[in-house]
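Working notes, beginning with the structure itself.
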Amino acid sequence: MKPYFDPMERFGKALKPGRVKRAAASADELRAVEAGIAAAVTKVEEAGFPTEKINKRGWMTVYQRLEYLVDTGTWHPLHTLYNPLENEEGTTNVVDGLGQIAGRWAVVIGFDNKVMAGAWLPGQSENILRATDLAGRLNIPLVWLVNCSGAKLPVQEKFYGDRRGAGTPFYRHAELEQAGIPVLAGIYGTNPAGGGYQAVSPTILLAHKDANMAVGGVGIVSGMAPKGGFDVEMVEELIAKTRAFAARPPGDVATHLDATGFFTQVYDEETGVLDGIKDYMRAIPAYGAVFFQAAEPKAPAFPLEDLYHLLPANQKEVYDFDEVLARLVDGSERLEFRPDYGPEVFTGLCKIDGKLVGCIGNRQGYLGKGYPEYADYPGMGGKLYRQGLIKLSEFVTHCGRDRLPIIWFQDTSGIDVGELAEKAELLGLGQTLIYSIQQTDVPMLLVVLRKGTAAAHYIMGGPTANRHNAFTLGTAASEIEVMHGETAAVATYARRAVKEKDAGRSLDPVIDKMNELVERYFETSRPAYCARHGLVDEIVTLPDLRRYLQAFTGAAYQNPTSICPRHHMLLPRIIRG
Amino acid sequence: MAEEVLAPLAGKVLSVAVEVGATVEEDDEVLVLEAMKMETVVYAPCDGEVTAIKVEPGDQVEEDDPLVTIE
């Protein structure tokens with residue numbers, strides 16, 4: 001299939017000095033936001049005890065373990081700022097991401113043993129479920145660095161129970177195993193109760209010599225029968241019992257290597273555990289990089305740094321999406337699907353590291369006379385119209401048939417509205433796209449370049465596509481909200497403003513409320529907020545985008561559950577005609 | 001040779017970035033139009049000197065209206 005894919009159509013053009021000059025302030029603004037995100041990331045990484053203190057105790061930190069375990073240059077952190085319940089610790093207390101171990105992609109997750117010895121915290125199970133679901137979607141192993149002291153007891157009501165509570169990941173581990181996806185665990189430290197299940201629920205258990213795992217820990221074993229409260233006498237008794245309690249924690253290596261045999265192997269050194277994980281990773285099924293390559297990998301023809309001058313920080317400013325895409329895909333090459341139809345969206349095939357992916361993105365700006373064909377008003381990119389929605393459904397369906405992973409790029413203000421839009425079936429066509437996505441079974445990645453707004457955020461491969469969206473990335477320009485704050489203020493307060501006016505009262509209180517809402521919308525749609533609350537899985541710098549695209553594509557093609565030979569693909573033939 | 005920079009769409013002129021007599025290079029910003037809540041930057045189609053500016057901020061223009069002349 002060389003004539004189709006090697007090379008494909010070259011697109012994009014080099015930046016001219018005028019464009020660079022004009023975008024200088026915007027580029028500075030984007031970099032400033034990225035610097036703010038980087039500072040927040042550092043704060044999360046420094047949460048809890050300092051590294052030196054952990055090292056003095058003879059332990060490595062989770063970050064040191066990750067550095068040893070993951071192949072150099074392949075770590076792609078996810079959920080770094082995720083802290084949806086605003087824990088005072090500043091973290092959900094797990095660190096996760098995509099990385100290669102011994103040359104194979106895995107989702108890697110570990111407890112931050114600097115913070116309360118890796119305790120369960122509010123929001124953590126949601127974080128873990130994102131990692132387990134990612135492993136499931138990409139059909140790659142989940143690797144755990146278990147070091148979990150159990151629940152932070154004073155706030156257990158926030159995470160212990162519920163459908164997606166702290167016990168749910170254990171079912172997910174079983175679900176992954178049911179699907180043939182291994183869960184590997186390196187086990188360190190004391191892992192009682194919930195920590196015990198964290199340790200025992202994976203497929204292969206590799207333990208450090210000082211590790212233990214148990215149904216309950218020392219604290220529970222030495223506990224007293226409840227009497228409805230405490231008084232001084234009882235606490236004195238408790239102190240005496242606690243002083244006298246000298247038992248070793250239950251479930252140590254002697255028990256779980258020799259008696260139960262749950263531990264597959266035990267290592268004297270912390271790094272030995274990690275070497276053991278590497279050995280198991282070498283033994284998992286994975287296609288070599290060349291297996292699914294349609295062409296030799298190529299760098300994009302233009303520098304990634306150009307993105308700072310192509311993606312405006314100003315949400316209202318029009319730009320050329322095709323130029324952005326040209327900075328991200330192999331050789332700045334593509335095969336565009338239906339270029340003469342639905343001009344508000346790009347749909348086409350591109351390559352990442354030589355492997356084919358379907359790419360979709362919102363084009364920006366004026367769409368030309370007579371479009372949309374059903375309306376008497378001009379069409380602007382960023383919005384979705386009838387043709388664009390039909391084209392998206394067609395393209396997604398063909399990608400599903402041809403087993404092509406999809407990368408979505410959103411910068412959308414929504415679907416066209418009004419009576420003409422209703423008559424043009426846009427409501428139904430939006431759900432048609434959802435149905436089309438659901439009919440596929442291919443991994444999808446979403447990049448929210450700038451706006452992710454209204455139902456368009458849902459239907460364009462948003463995180464709401466739970467079974468398909470592997471993860472969602474944001475940029476320094478990302479803004480996710482149901483609608484712009486000013487639009488929301490109008491929708492909320494317009495009638496009240498009329499009432500106040502008619503009653504002859506001052507409009508100032510309504511205006512204050514409207515401005516408060518605008519401000520609130522602004523604050524709750526910023527990149528850092530989106531990352532903290534899980535609206536995106538990570539905010540990445542613009543030049544880092546391609547690395548994440550490479551990780552996604554590499555992982556999606558590592559061991560796909562279903563394949564389509566390139567010479568059996570329909571989409572390239574439809575495109576070429 | 002004179003080249004007319006035409007309005008790519010109907011809208012309001014938000015700002016003009018050049019003056020008569022200014023030298024511009026291809027892809028330099030000429031002006032910004034606002035339409036449908038979006039700002040469209042109009043770039044110089046060629047190198048040259050600005051010999052005429054036919055609009056000012058606040059003007060409403062139609063698609064293909066002449067905006068600026070570059071020689």
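The sequence lines fix the lettering, A, B, ..., with proteins before strands; numbering per chain opens at 1.
The minimum heavy-atom distance linking B:Glu25 with A:Pro17 is given by the pair OE1-CG, 4.0 Å. When all heavy atoms of B:Ala35 and A:Met380 are compared, the closest pair comes out as O-CE, 3.7 Å. The shortest non-hydrogen separation linking A:Lys316 to B:Glu34 is NZ-OE2, 4.5 Å.
Within residues 53-71 of chain B, the residues having any heavy atom under 4.5 Å from a heavy atom of chain A are, by residue number, B:Glu63, B:Asp64.
Here the straight-line distance linking atom NZ of B:Lys37 with atom CD of A:Gln315 works out to 13.5 Å at 0.5 Å rounding. Between atom OH of residue A:Tyr319 and atom CE of residue B:Met38 there is a gap of 8.0 Å, rounded to the nearest 0.5 Å.
Heavy-atom distances place the side chain of B:Val32, and not its backbone, under 4.5 Å from chain A. Only the side chain of A:Gln364 has a heavy atom closer than 4.5 Å to any heavy atom of chain B.
Within a 6.0 Å radius of CG in B:Leu6, more than 12 heavy atoms belonging to other residues, nucleotides or ligands are found. For A:Tyr374, the OH atom counts as densely surrounded, since its 6.0 Å shell holds more than 12 non-hydrogen atoms of other residues, nucleotides or ligands. For OH of A:Tyr458, the number of neighbouring non-hydrogen atoms (other residues, nucleotides, ligands) closer than 6.0 Å is 12 at most.
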Review point. So A:Lys16 and B:Asp28, side chain to side chain contact (heavy atoms under 4.5 Å, CB included) or not? Walk me through it.
Key: CA-CA 8 Å; A:Lys16 297 260 174 63; B:Asp28 276 356; over 6 Å; no
Practice item. Let me see the working for A:Arg22 and B:Val41 under side chain to side chain contact (heavy atoms under 4.5 Å, CB included), right down to the final yes or no. Key: CA-CA 10 Å; A:Arg22 188 189 188 280; B:Val41 183; 3.4 Å; yes
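For A:Glu373, the side chain to side chain donor-acceptor pair (under 3.5 Å) partners at least two apart in sequence or on another chain are A:Gln387.
When each of A:Glu317, A:Arg19, A:Lys369 is scored by its heavy-atom pairs under 4.5 Å with chain B, the top score falls to A:Arg19.
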